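First the structure, which I've put down as structure tokens, then a few questions once you've had a look.
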Amino acid sequence: KPAIKRKMSEVEDTLLRIKVQPGVEGYVICNKAGTVLRRFPSMSQELAEQYAEEMRPLAMKARGIIRDLDPNNELAYLRIRAKKHEVLTAFGAFSISHPRD
């Protein structure tokens, strides 16, 4: 159990660092099935579920393409950037960032 507590502490520390970054609007942590496990405190459950639902198939397709190109390689991060927003996906965790003007 000490190892689990240590891992949870690392997760909490990482989430705290993400929360205080300028421009970060939210994050969603979900499992492989797309079930939301954690979300940014001010983000509604509905919005978190929407991000999880929309990003899951896209992330799975991107991972499949990388494996098709090189079976020895695996996608670690997926970054999608638009004019106003940016979505970073890593191992099922989504971080939504809004760059400052």
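FYI, the numbering just counts along the sequence from 1. No experiment lies behind these values; they were computed from the predicted model shown.
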Legend entry - Intermediate values then yes/no, salt bridge (Lys or Arg N to Asp or Glu O under 4.0 Å), R38 and E12: CA-CA 11 Å; R38 302 279 302 269; E12 294 298 324; 2.8 Å; yes

Inset, instruction - Can you see which heavy atom on I18 is nearest to which on Y27, and at what distance? - result: CG2-CD2, 4.2 Å

Legend entry - Any residue meeting side-chain contact (heavy atoms from CB on, under 4.5 Å) with N73, in chain and number order, not counting sequence neighbours: I66, D70

Legend entry - V87 vs R81 side-chain heavy atoms within contact, under 4.5 Å: no

Inset, instruction - Under the side-chain hydrogen bond (donor to acceptor under 3.5 Å, both in side chains) rule, collect the residues that match up with E46, sequence neighbours excluded. - result: none

Inset, instruction - Could you pull out all residues at least two apart from L47 that satisfy side-chain contact (heavy atoms from CB on, under 4.5 Å)? - result: M43, S44, Q50, Y51

Legend entry - Non-hydrogen side-chain atoms of L15 and I29 separated by less than 4.5 Å: yes

Legend entry - N-O pairing of E25 and K84 below 4.0 Å: no

Inset, instruction - Could you list the residues that satisfy side-chain contact (heavy atoms from CB on, under 4.5 Å) with P57, not counting sequence neighbours? - result: none

Inset, instruction - Using the side chain to side chain contact (heavy atoms under 4.5 Å, CB included) rule, pick out the option among T35, V36, V28 that qualifies with E49. - result: V36

Legend entry - R67: partners by side-chain contact (heavy atoms from CB on, under 4.5 Å), with sequence neighbours left out: R63

Inset, instruction - Looking only at non-hydrogen atoms, find the nearest pair between E86 and L88 and report the distance. - result: OE2-CD2, 3.7 Å

Inset, instruction - Give a yes or no on whether L78 and M60 share a hydrophobic cluster (residues Ile, Leu, Val, Met, Phe, Trp, Tyr; joining criterion: side-chain heavy atoms under 4.5 Å apart). - result: no

Inset, instruction - Mark yes when over 12 heavy atoms from residues, nucleotides or ligands other than K61 sit less than 6.0 Å from its NZ; otherwise mark no. - result: no

Inset, instruction - Can you see which heavy atom on K19 is nearest to which on P41, and at what distance? - result: NZ-CG, 4.1 Å

